[in-house]
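Below is one structure, written out as structure tokens; comments come after it.
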Amino acid sequence: MISVVLATYNDEKYIKEAIDSVLDQTYRDFELIIIDDGSSDRTADIICSYDDKRIIFIQNERNMGLPYSLNKGMEIAKGEYIARMDGDDICFPQRFQKQLEYMEQHSDITICGTNRLDVSENGKKSSKRFFPEESEALKARLLFGNPIAHSSWFIRKEDFLKYHFKYNEDFRYSQDYELIYRVLKSCKIACVQTVLMKYRVNEKTKSNGTRRDLKYTIKVFRQIMRELGMVVSAQDFKLIFGCESDYAGFSGMKRMTFLFREIIRRNRRYRIFEQDFLKHTLKQTAQGRCRENRYQLYICWYMISPFEILWALIRNWKKTVQAE
């Protein structure tokens, strides 16, 4: 059986669609544990309108925060697997079936996620987000946050009990980043290479990356850097993590490239990440950030092979010819 843990707070506009997407799964053997974290809107009334024996509804007396609610749901979960879900996201009908099959075929995986389709507040399609499948490739992405979508997590409960994994309730924000960082010290993760959920981009999700949230994120990031024998400033954190306004100029690009190269060099000694995956991830990230930037050739020179430098020159030449 699967235990679906859905934590929600003031999601009256979306909660019905989220619940319906769970109840409409092709895989039917699950319980749906919904924790309402002290909502002040009609979220609780909408949940109570459902008459389905698979639904277990818990209400916090006051807003306790997401990690508290998730721990509460996971503690009472009876399933062999735990599927995460948010109150404003949508599962595709085959999500549980696909993730269950993947976990049954890969007994060494503790958490698997899925690729996702980002949608706007009113449900219109925006863009697809793809993540690597291999654990080491995902681990290298810890340098840029949680490597797989939190609300797509499908967890092997046995491993969480074995290693005493739970959300750190001191992390009111970025709790997924902090937890998956600890999980990757002992276990493997993966991503099913299929889009199996819709991730809603609204005011709540747009607030991620604010100074309030970054305070928690930087705690995890600095711990990773300490393992590499590096001490980074708040400015260096922003350059590595990808705050666009900080790396847009030449000096920002130059510093970012230096930091990427230093991470690769330090990792040869400390072996925190698999080296080939780390180099590939940092090169891809550098290319992505400077693709439309006039400093592209500078980044190529320091991060990428001579062949790719030549290809960048050809692309720039073609753009110049087309412009004329």
Side-chain angles (χ1 to χ4, degrees), residues 3-7 65-75 77 81-86 89 95 99 102-103 106-116 129-193 196-197 199 205 208-209 213-228 237 240-242 263 267 272-274 277-278 281-282 285:
S3 295
V4 185
V5 177
L6 190 161
L66 182 58
Y68 174 89
S69 297
L70 294 177
N71 284 337
K72 195 171 186 179
M74 290 168 64
E75 284 171 6
Y81 297 99
I82 297 172
R84 271 283 292 114
M85 182 70 182
D86 283 334
D89 293 335
R95 178 194 160 187
Q99 288 186 287
Y102 189 92
M103 294 292 270
H106 300 83
S107 59
D108 60 332
I109 299 299
T110 296
I111 300 176
C112 80
T114 80
N115 292 327
R116 78 187 198 205
R129 291 286 304 277
F130 298 97
F131 306 91
E133 179 179 0
E134 301 90 350
S135 186
E136 288 295 338
L138 290 165
K139 185 176 181 180
R141 291 169 66 100
L142 278 176
L143 292 167
F144 312 112
N146 178 5
I148 48 178
H150 188 199
S151 55
S152 76
W153 287 13
F154 197 88
I155 299 164
R156 194 180 305 276
K157 185 181 175 183
E158 178 185 4
D159 289 352
F160 264 50
L161 292 174
K162 176 181 177 181
Y163 293 102
H164 307 288
F165 291 138
K166 60 187 298 188
Y167 289 92
N168 186 339
E169 293 177 18
D170 291 335
F171 277 68
R172 192 168 180 89
Y173 306 98
S174 300
Q175 61 283 135
D176 54 331
Y177 185 31
E178 193 276 336
L179 176 55
I180 207 160
Y181 160 68
R182 285 187 284 119
V183 168
L184 277 164
K185 285 180 169 296
S186 311
C187 306
K188 293 182 179 181
I189 65 174
C191 182
V192 177
Q193 296 298 287
L196 293 173
M197 64 166 294
Y199 177 81
T205 54
N208 294 338
D213 301 327
L214 289 178
K215 179 180 75 171
Y216 294 91
T217 302
I218 199 169
K219 287 183 179 180
V220 182
F221 181 82
R222 280 181 166 158
Q223 182 59 38
I224 297 170
M225 291 295 101
R226 281 193 289 270
E227 292 181 19
L228 288 166
F237 159 74
I240 297 169
F241 217 72
I263 289 169
N267 192 64
I272 305 302
F273 306 100
E274 203 286 327
F277 281 115
L278 176 65
T281 298
L282 292 180
T285 302

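Starting from 1, each residue takes its place in the sequence as its number. Computed from a predicted model, the values in this text were never measured in an experiment.
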side-chain contact (heavy atoms from CB on, under 4.5 Å) between Met225 and Ile263, intermediate numbers included
CA-CA 8 Å; Met225 291 295 101; Ile263 289 169; 4.2 Å; yes
Could you walk me through whether Leu142 and Tyr177 satisfy the side-chain contact (heavy atoms from CB on, under 4.5 Å) test, starting with their C-alpha distance in whole Å, then the side-chain angles of each, then the deciding distance to 0.1 Å, before giving a yes or no?
CA-CA 8 Å; Leu142 278 176; Tyr177 185 31; 3.9 Å; yes
Test side-chain contact (heavy atoms from CB on, under 4.5 Å) applied to Leu278 and Leu143, step by step:
CA-CA 10 Å; Leu278 176 65; Leu143 292 167; 3.6 Å; yes
Please step through side-chain contact (heavy atoms from CB on, under 4.5 Å) for the pair Phe144 and Ile240, ending with a clear verdict.
CA-CA 7 Å; Phe144 312 112; Ile240 297 169; 4.3 Å; yes
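Across all non-hydrogen atoms, the minimal contact from Phe160 to Leu179 is CE2-CD2, 4.1 Å. Ser152 approaches Gln99 most closely through the heavy-atom pair O-NE2, 2.9 Å. Looking at every heavy atom in both residues, Phe277 comes nearest to Ala137 through CD2-CB, 3.5 Å. Considering every non-hydrogen atom in both Ile109 and Ile111, the closest pair reads CG2-O, 3.3 Å. Residues Ile155 and Met103 share a closest heavy-atom pair of C-CE, 4.3 Å. Nearest approach of Asn146 to Trp153, heavy atoms of both residues: ND2-CZ2, 3.6 Å.
Put simply, OH on Tyr68 and CD on Gln175 are 15.0 Å apart, with the number rounded to the nearest 0.5 Å. Residue Glu158 holds its CD atom at 10.0 Å from OG of Ser107, rounded to the nearest 0.5 Å. Rounding to the nearest 0.5 angstrom, the gap separating the CD1 atom in Ile189 from the CD1 atom in Ile148 is 4.5 Å. Here Cys112 contributes atom SG and Phe131 contributes atom CZ; the two are 13.0 Å apart, rounded to the nearest 0.5 Å.
For Lys72, the salt bridge (charged side-chain N to carboxylate O under 4.0 Å, His left out) criterion is met by no residue, not counting sequence neighbours. Under the side-chain contact (heavy atoms from CB on, under 4.5 Å) criterion, Arg226 pairs with Arg222, Gln223, sequence neighbours left out. Residues meeting the side-chain hydrogen bond (donor to acceptor under 3.5 Å, both in side chains) test with Thr217, sequence neighbours left out: Ser174. Applying the side-chain hydrogen bond (donor to acceptor under 3.5 Å, both in side chains) test to Arg172 and every residue at least two apart in sequence or in another chain returns Asn63. Listed by chain and residue number, Tyr216 satisfy the ring pair (Phe, Tyr, Trp, His ring centres under 6.0 Å) test with Phe171 (two or more places apart in sequence, or in another chain). By the side-chain contact (heavy atoms from CB on, under 4.5 Å) test, Phe130 is found to be paired with Asn115, Lys128, Val195, residues two or more places apart in sequence or in another chain being considered. Applying the side-chain contact (heavy atoms from CB on, under 4.5 Å) criterion to Ser151, with sequence neighbours excluded, gives Asp86, Asp89, Met197, Tyr199. Under the rule for a ring pair (Phe, Tyr, Trp, His ring centres under 6.0 Å), Phe273 has no partner lying at least two apart in sequence or in another chain. With sequence neighbours excluded, the residues that form a side-chain contact (heavy atoms from CB on, under 4.5 Å) with Asp159 are Thr110, Arg156. With sequence neighbours left out, the ring pair (Phe, Tyr, Trp, His ring centres under 6.0 Å) criterion links Tyr81 to Phe154.
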Pair up each side-chain donor or acceptor in residues 161-170 with any protein partner under 3.5 Å, not counting sequence neighbours, and list the distances.
| from | atom 1 | to | atom 2 | distance (Å) |
| --- | --- | --- | --- | --- |
| Tyr167 | OH | His150 | NE2 | 2.8 |
| Asn168 | OD1 | Asp170 | N | 2.9 |
| Glu169 | OE2 | Asn71 | ND2 | 3.0 |

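Taking 4.5 Å as the limit, every side-chain heavy atom of Val192 sits out of range of all side-chain heavy atoms of Arg95.
Screening residues 131-155 for salt bridge (charged side-chain N to carboxylate O under 4.0 Å, His left out) gives no qualifying pairs among residues at least two apart or on separate chains.
For Lys157, the NZ atom is densely surrounded, since the number of other residues' heavy atoms within 6.0 Å is greater than 12.
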